[in-house]
Amino acid sequence: MLTPGLVFEALLFLCGFQLCRYIWRLFKQRWQYQKLIRDLKMQEFAPAHPIWGHVFVLPTDEKKKLDALVDLIVPPGGETNSIDLSPFWLGPFTCMLMMSSPEYVKACVANADYKDNFVYDWVIPWIGDGLLTSGGPKWHRHRRLLTTGFHFEILKPYLNIFSDSADILLDKFSASEGKPMEIFKPVGLFALDSLLKCSFSYESNCQLQGENEYINAVHELSEIITLRALKIQYLNEMIFKLSPPGRRFRKLCHIVHEKSRSTIRKRRREIEEGGEGFKGRKGKYLDFLDILLAARDEDGKGMDEEEIREEVDTFMFEGHDTTGCAIPWLMYNLAKHPEYQQKCRDEIQQLFDQKEDDRLKWDDLCNLPYLTMCIKESLRMYPPVQTILRKLVKDVKLPNQTVIAKGTTVACSIIGLHYNPEIWPNPKEFNPERFTHENIKNRHTHAFLPFSAGPRNCIGQHFALNEIKVVMSKILHRFYIDVDPERSPIWIQRMAIRTWDGMYLRFSPVEHKD
């Protein structure tokens with residue numbers, strides 16, 4: 001006969017049994033990682049704590065974290081510490097493999113199905129199962145459908161949008177009257193203004209009127225994702241959902257989703273009421289939303305409203321910070337090195353001398369080789385993506401014939417790659433000459449990866465580079481840029497590399513001869 005005591009003892013036994021199974025799996029997982037480390041003869045970049053692993057190897061002070069990371073790769077004493085493959089322990093039982101070798105990175109980004117959900121799962125409530133987070137047949141289908149949206153014929157009209165948005169930014173620089181001004185916020189608004197116009201022809205006027213509810217939501221969602229990465233307690237999904245930032249995150253997702261859905265429905269009505277499909281939007285350029293609505297696969301099937309919403313939100317998530325951070329760092333590097341700045345200006349002036357205005361045309365983009373070299377060198381030092389995570393879906397053989405087992409998570413360190421002293425001599429120095437044709441042809445194809453690589457590389461990288469070229473050509477044509485000697489920027493890790501307390505530069509007008 002069952003008694004309450006027997007039931008309790010049975011439940012206690014089952015709980016104890018499940019707990020023992022769970023503990024056994026954890027220790028088995030640790031043993032498997034340790035065996036993999038021994039088999040691959042990996043060297044740790046720093047000693048691991050028995051409990052915390054490498055989580056606290058870098059300083060907890062955000063202002064010192066990136067400097068400390070680069071100092072691990074390139075110690076101040078001058079010796080090199082380039083470790084091609086190293087374990088990174090996230091506590092006592094979970095480990096990922098850190099890579100900073102072009103050969104190893106190439107092997108691990110070659111397959112489109114390699115991706116890791118560790119961070120991607122955090123953004124799915126915002127961007128859904130779009131191009132960034134999806135896999136398998138859905139990813140392949142959407143990649144094919146979206147590729148046409150970044151064809152050069154589609155990108156051409158965007159140059160005028162970039163130019164118009166840049167004019168507003170330049171007016172702000174002019175109004176500073178040579179006094180130091182903080183540039184991250186106005187440049188970020190410029191990038192967001194351009195992106196909203198190119199995404200779904202949304203005239204936000206955010207550069208003049210300040211931020212609105214949608215723009216504030218996009219910014220705050222990015223901040224919360226960064227906060228989650230920095231706070232160890234928020235790595236747990238349940239704790240995050242119950243926390244104030246988790247509740248705020250869900251509310252902001254609702255704001256962004258409703259804006260995207262209402263814009264999609266409005267555009268559908270515009271197209272239907274026009275009576276001639278996309279020709280009904282006469283006089284309008286094709287924006288990203290137009291491309292999504294028109295896209296059809298080989299069976300003539302397009303994307304439904306939710307799939308389009310996911311891709312629009314993905315484009316906003318991936319694109320709003322990329323150029324908004326890349327442009328300030330490029331301006332800072334050129335301000336620190338006036339000799340390179342002047343070479344860019346001479347090149348731009350020579351181009352504009354043949355034109356009636358300061359608007360770049362499509363054919364002009366390939367006639368700015370030195371500016372392009374400076375852009376690439378700045379992206380090397382301050383890459384938009386600092387780490388690429390991949391979970392291997394099959395065994396991967398490395399060039400040294402060792403094998404990384406299926407199921408392993410690898411972290412391709414872009415910072416480690418871009419500061420690897422075996423590839424980049426004196427990597428802490430800004431030197432655009434690294435990207436001359438002669439130097440590039442002697443370098444590994446995967447040594448420079450500001451926009452990732454392989455099939456899952458950034459589909460919008462040409463969009464971003466074109467925007468940087470347009471705005472920088474206008475800035476350098478009109479202004480000399482100088483650093484503020486009293487305020488040096490402190491770089492910190494966010495979704496893209498930002499600064500702790502802003503970036504202050506001075507702008508003085510360039511006098512052009514008639």
Side-chain angles (χ1 to χ4, degrees), residues 22-77 79-101 103-105 107-108 114 116-119 121-122 226-237 239 385-392 395-396 398 400 402-422 427 492-493:
Y22 178 69
I23 293 172
W24 164 248
R25 284 202 304 268
L26 288 177
F27 276 97
K28 182 181 179 182
Q29 179 176 284
R30 178 177 174 84
W31 177 81
Q32 289 172 334
Y33 281 128
Q34 288 176 325
K35 182 178 184 301
L36 178 65
I37 291 166
R38 287 194 303 271
D39 291 346
L40 296 178
K41 299 178 181 178
M42 282 187 275
Q43 177 186 354
E44 289 193 346
F45 71 94
H49 188 276
I51 303 298
W52 307 116
H54 291 105
V55 171
F56 297 114
V57 164
L58 298 177
T60 54
D61 186 349
E62 286 188 75
K63 299 190 290 293
K64 299 178 180 178
K65 191 165 286 186
L66 282 175
D67 280 329
L69 175 61
V70 173
D71 284 344
L72 277 174
I73 305 165
V74 193
E79 69 276 18
T80 62
N81 190 32
S82 174
I83 299 174
D84 291 341
L85 191 63
S86 174
F88 188 94
W89 288 94
L90 298 164
F93 303 113
T94 303
C95 180
M96 61 176 65
L97 305 187
M98 296 287 290
M99 297 181 172
S100 60
S101 158
E103 287 287 351
Y104 293 175
V105 169
C108 291
Y114 297 166
D116 185 73
N117 293 332
F118 178 67
V119 175
D121 283 349
W122 300 353
T226 301
L227 174 70
R228 190 171 181 183
L230 297 174
K231 300 290 184 181
I232 193 168
Q233 67 270 28
Y234 292 152
L235 297 180
N236 181 277
E237 186 67 25
I239 292 175
V385 178
Q386 294 120 63
T387 305
I388 304 170
L389 293 178
R390 293 287 187 265
K391 189 168 186 177
L392 306 182
D395 293 351
V396 170
L398 298 179
N400 61 4
T402 57
V403 176
I404 303 179
K406 169 186 174 180
T408 305
T409 297
V410 297
C412 306
S413 172
I414 305 302
I415 289 280
L417 194 63
H418 286 189
Y419 282 83
N420 187 333
E422 295 179 4
I492 59 172
Q493 199 164 12

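- Not counting sequence neighbours, Gln34 has no partner by the side chain to side chain donor-acceptor pair (under 3.5 Å) test.
- Side chain of Arg390 to main chain of Val410: no donor-acceptor pair is present (N/O by atom type, distance under 3.5 Å, no hydrogens or angles).
- Partners of Leu66 according to the side chain to side chain contact (heavy atoms under 4.5 Å, CB included) rule, which considers only residues two or more places apart in sequence or in another chain, are Leu69, Trp491, Gln493, Ile497.
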Show me the donor-acceptor pairs within less than 3.5 Å that the side chains of residues 22-30 make with the rest of the protein, sequence neighbours left out.
from, atom 1, to, atom 2, distance (Å)
Gln29, NE2, Phe93, O, 2.6
Arg30, NH1, Pro92, O, 2.5

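- Considering all non-hydrogen atoms of both residues, Leu36 and Ala405 come closest at CD1-N, 4.4 Å.
- Taking Lys406 as the reference, Asp395 meet the side chain to side chain contact (heavy atoms under 4.5 Å, CB included) condition, with sequence neighbours excluded.
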Ignoring hydrogens and angles, write down the donor-acceptor pairs under 3.5 Å from the side chains of residues 50-60, residues two or more places apart or on other chains.
from, atom 1, to, atom 2, distance (Å)
His54, ND1, Trp89, N, 2.9
His54, NE2, Ala46, O, 2.7

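- Scored by the salt bridge (charged side-chain N to carboxylate O under 4.0 Å, His left out) test, Lys64 finds no partners at all (sequence neighbours excluded).
- Legend: residues meeting side chain to side chain contact (heavy atoms under 4.5 Å, CB included) with Leu417, ordered by chain and number and at least two apart, are Pro102, Ile423, Leu449.
- Evaluation of the side chain to side chain donor-acceptor pair (under 3.5 Å) rule for Tyr104 yields Asn400 as partners, not counting sequence neighbours.
- Residues Cys95 and Pro87 approach most closely at SG-CB, 3.7 Å, considering heavy atoms.
- Here Asp84 contributes atom CG and Ser413 contributes atom OG; the two are 11.5 Å apart, rounded to the nearest 0.5 Å.
- Nearest approach of Met98 to Phe88, heavy atoms of both residues: CG-CB, 3.5 Å.
- Here the shortest heavy-atom pairing between Ser100 and Asn420 reads O-ND2, 3.0 Å.
- Atom CD of residue Glu62 and atom OG1 of residue Thr226 lie 9.0 Å apart, to the nearest 0.5 angstrom.
- Rounding to the nearest 0.5 Å places CD1 of Ile414 at 9.5 Å from CD of Gln386.
- The two residues Cys108 and Met99 make their nearest non-hydrogen contact at SG-CE, 3.3 Å.
- Not counting sequence neighbours, the partners of Asp39 by the salt bridge (charged side-chain N to carboxylate O under 4.0 Å, His left out) test are Lys35.
- Checked against salt bridge (charged side-chain N to carboxylate O under 4.0 Å, His left out), Glu103 has no partners two or more places apart in sequence or in another chain.
- The two atoms that bring Leu97 and Met42 nearest to each other are CD2-CE, 3.5 Å, heavy atoms only.
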